[in-house]
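First listed ligand is number 1; within each ligand, the first listed atom is number 1. Note that the structure is predicted; figures quoted are calculated from it, not measured.
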Amino acid sequence: MTEQKLVQVLVDCPGMDGMLTYAIPDGMNVMVGDILTVPFGDRFVGAIALEFPTSSNFEGEIREVYAVVSTGLFPPHFWQLLTRTADYYRTPIMQTVKAALPPRLMDQSSYRIRIDREVSSSLSAAAQAVWEFLQAHVDRTGSVSRRYLYQKLPRLAASGLRSLIQMGCISTVLEIPPPPQPKYEDVVVLLEIVDDLTARQREILTILQRLGGECIRSKLIEQAKTTYPTLQTLAAKGCISIDKREYLRLGGKAHFVASDRPKQLTSAQQAAVAKIQTLAPPNLELLLHGVTGSGKTEVYLQSIAVVLAQGKSALVLVPEIGLTPQLTDRFRARFGDARVNVYHSKLSEGERFDTWRQMLTDTPQVVVGTRSAVFAPLSNLGLIVLDEEHDPSFKQDQPQPCYHARTVAQWRSKLESCPLILGSATPSAEMLYAIEGAVGRQDRIPTSQYITLPNRIGNKPMPPISIVDMRLELAAGHRSIFSRQLQDSIERMLEQQKQGILFIHRRGFSTFVSCRSCGYVMNCPNCDVSLAFHNPTANIPIQASHHASPIHSARINAGDLRCHYCNFTQIKPANCPACGSTYFKHFGSGTQRVEQEISDLFPAVRMIRFDSDTTRNKDQHRQLIERFQAGEADLLVGTQMLTKGLDIPQVTLVGVVSADGLLNFSDYRSGERAFQTLTQVAGRAGRGDDPGEVIIQTYTPEHPVIEAVKDYNFDEFMQVELAQRQALNYPPSGQMALIHLSSEQSIEVERAANQLTNYLQSRSIEWEILGPVPALIARVSNRFRWQIMLKFSPELLPQLPQLEDLRSQVDPKIVRVSIDIDPLTIL
Ligand code: ADP
Ligand code: ZN
Ligand code: ZN
């Protein structure tokens, strides 16, 4: 018997998690990443070829691969990138592949048979039948749907296709949806109002001026009640120009975005763009450290323009796309709809699949996406930009692989010799550690270059930050959640008709509901946390509230109680379930509470609430921001989401209602995180012509983070931070891994945690094992949680257990285990 060639595949079948082994029939050529059809039970399913084992210990018959559907779907280094990700994050390759690929890739109906050339020799009966079918059914792209062929010729399709492919007459291709066609509109632009005009002509120009000096032709004709010939006369006089411009589809609906031309770079920006041009192996990485509003995005745009002109593509990774529609708009306005693809998890499955296929084309393009877009299958990558590199949403926390898009981007940049720009106003400890002169780098070889944009565009000053000591407020008998200083500033802002942002670090009305008579607290029945109060009726839009009306306060006290961990929801009881008291109220200062107190203090204020309650779908962010931008509200009240990329010139005031929740002392990263968040929020103020002002309220003004934020003392703060971490072997000089265990049975999970700890100790590797301990929230969704932390020196990583090792130490039916390499939080 000849030796069988084997292939291990991932089959596309819900619930099938393992790799399956198939035999490759003689004459069939299979490569890693090929999409196959394999027999599975009594049917055929799609599969992806992953590995070629030399022998199989599988007892019994090994079934044969039925057909190769498509080959060459992935760029050259793609599998190396996935293997590296799987290995580093100690995750089975298959699970990693699932995280990286879009759904439906293995679905046969997405493929077409394409005729490449005429048949020259004689054919078998099956091949002849297939060939004739193809001839009769090709469409204008010269191809036929594969599913259709299989439907019509069920018994002949596979073998017929096989021999035609071998003869080189046909190939199977993934169907590429047509790219969006740019749409053009005539746009009228005001140039000059000359003297010799009729009153009517002058009136038309005044209307155009009021419309911002730029307007779509049809809209202007309608608004000014004029005609096209009249406009042509004005154009002939040189008063206006009429040009075709691209009309962009943004956020689902089309709306006009003023065409955007490259800006004249400042000298600091010029230096950055020039530096990016010099990036070449082995120095491919650049940390671009620029304060908010310093023009980083313009640096990306102009560097990408160079890449596109070279016929290459660019990948732009951003933390959360829904939150930064403005950023996507800027890429589209600069490069046009047809060249910009957006890829993120809020797209539907179909949209994700279509975008994926669009990315497979050779057309130079820009892909803007969130963390999973780091696996975008662009074949000719010329630049990767990772904006806001410090942002924690680049890290996946579950399921495994718990990858960090920055780490994967760093590998990808090396594998593909492609420059990587990491931008931030508040770079992470990891990136600061990577540059020259970092504290505690033994090797002293920087892995990243560094360049800074120290000033805002136009040398606008950073807004001054004042810290308000809330203890003094209380001592002075002032009990509002708004200090007198913040109230004064809001009042001034309203008088001057500017806009402001109030930042709260938690969503919901309050953190918990409790009884003021007996102290009873409503907890989640499934988790060890208290339920949060939400008031869905007091939702946006918030008009100037007619405060003190009884309806208003009744509305405020009615609402839902919700668990932020398992989403358990119930209606808030009017009375305390324990003692029946009517003093059953919410505490804390979530967005809704802030909203209510503001309307009590400033009845005329108009507010927009921006948190995950008011922004459930992908267009709501954009709508809320656009309404705020259009001046429909004076104040934007919101959570963490507000910290990101918001660029609204009219905002002069930023207030942080309480910084204390950010200063969580039990996680070694909390200082860095608090600094970043507060600085980012502050950066929203004073981006326009009017100077900004930032007020941070806190009960601990002496906290080092607060003191550093106050003076924008970033470098010094981070140097101290790096030195402290170095002393304790914390990342980035040391490395950590967190092993999570959970079970419905509290005794079992504790036993498993101890067992696993013993196992790790027996491995006699020079790591520090901390724990096992119950997780900070010891129960979520009725599962009890424990964790074990490993602290080790980075060269030991390859010795860390694989997920499969850990699983083999416990009973996987009772206890779930996962491992998180480089966890962002250790709580
Ligand atoms: P960042 O990304 O660092 O926050 P942006 O690139 O968004 O900064 O720039 C801030 C503002 O300045 C934006 O409104 C942008 O259009 C404008 N801007 C950027 N570069 C220039 C430049 N060279 N000349 C004029 N305006 C600029
Ligand atoms: Zn009670
Ligand atoms: Zn819960």
Next on the checklist: Only heavy atoms of V291, strictly under 4.0 Å: list the atoms of ligand 1 that pass.
Outcome noted: 3 (O)
Next on the checklist: Checking the N or O distance criterion of under 3.5 Å, is ligand 1 in contact with G295?
Outcome noted: yes
Checklist entry - In this structure, are over 12 heavy atoms from other groups packed under 6.0 Å from E716 atom CD? => result no
Checklist entry - Would you say the side-chain atoms of T677 pair up with the backbone N or O of R673, donor to acceptor, closer than 3.5 Å? => result yes
Next on the checklist: Taking distance alone, with N or O pairs closer than 3.5 Å, would you say T292 contacts ligand 1?
Outcome noted: no
Checklist outcome for this item: closest protein heavy atom to atom 20 (N) of ligand 1 is Q269 NE2, 3.0 Å
Item to check | Taking atom 11 (C) of ligand 1 as the reference point, the nearest protein heavy atom with its distance | outcome: D647 OD2, 4.1 Å
Item to check | Pairing of D387 and K296 as salt bridge, 4.0 angstrom limit | outcome: no
Next on the checklist: For atom 4 (O) of ligand 1, what is the closest protein heavy atom, and at what distance to 0.1 Å?
Outcome noted: G293 N, 2.9 Å
Checklist entry - Is the side chain of R371 donor-acceptor paired with the backbone N or O of K395 at a distance under 3.5 Å, no angle test? => result yes
Checklist entry - E672 side chain to A429 main-chain N or O, any donor-acceptor pair under 3.5 Å? => result yes
Checklist entry - In ligand 1, which numbered atoms sit nearer than 4.0 Å to a non-hydrogen atom of E298? => result 6 (O), 19 (C), 20 (N)
Next on the checklist: Would R779 and E744 count as a salt bridge (charged side-chain N to carboxylate O under 4.0 Å, His left out) here? Give the steps.
Outcome noted: CA-CA 9 Å; R779 188 179 54 127; E744 286 175 5; over 6 Å; no
Checklist outcome for this item: atom 2 (O) of ligand 1: closest protein heavy atom, distance to 0.1 Å, is T297 OG1, 2.6 Å
Checklist entry - Would you say the side-chain atoms of Q449 and E285 include a donor-acceptor pair closer than 3.5 Å? => result no
Next on the checklist: Tell me whether ligand 1 is touched by L453 - counting only heavy atoms on the residue side and a distance under 4.0 Å.
Outcome noted: no
Checklist entry - N/O of I457 under 3.5 Å from N/O of ligand 1, yes or no? => result no
Next on the checklist: Which label fits H289 and Y450: parallel for a plane angle under 30°, tilted from 30 to 60°, or perpendicular past 60°?
Outcome noted: perpendicular
Item to check | atom 25 (C) of ligand 1: the protein heavy-atom neighbour that sits closest, reported with distance to 0.1 Å | outcome: K263 CD, 3.6 Å
Item to check | Residue Q264 vicinity, atoms of ligand 1 by number, heavy atom under 4.0 Å | outcome: 22 (C), 23 (N), 24 (N)
Next on the checklist: Just to check, does R330 reach to within less than 4.0 Å of ligand 1 when the distance is taken from its heavy atoms?
Outcome noted: yes
Checklist entry - Is any side-chain heavy atom of L383 less than 4.5 Å from a side-chain heavy atom of I304? => result yes
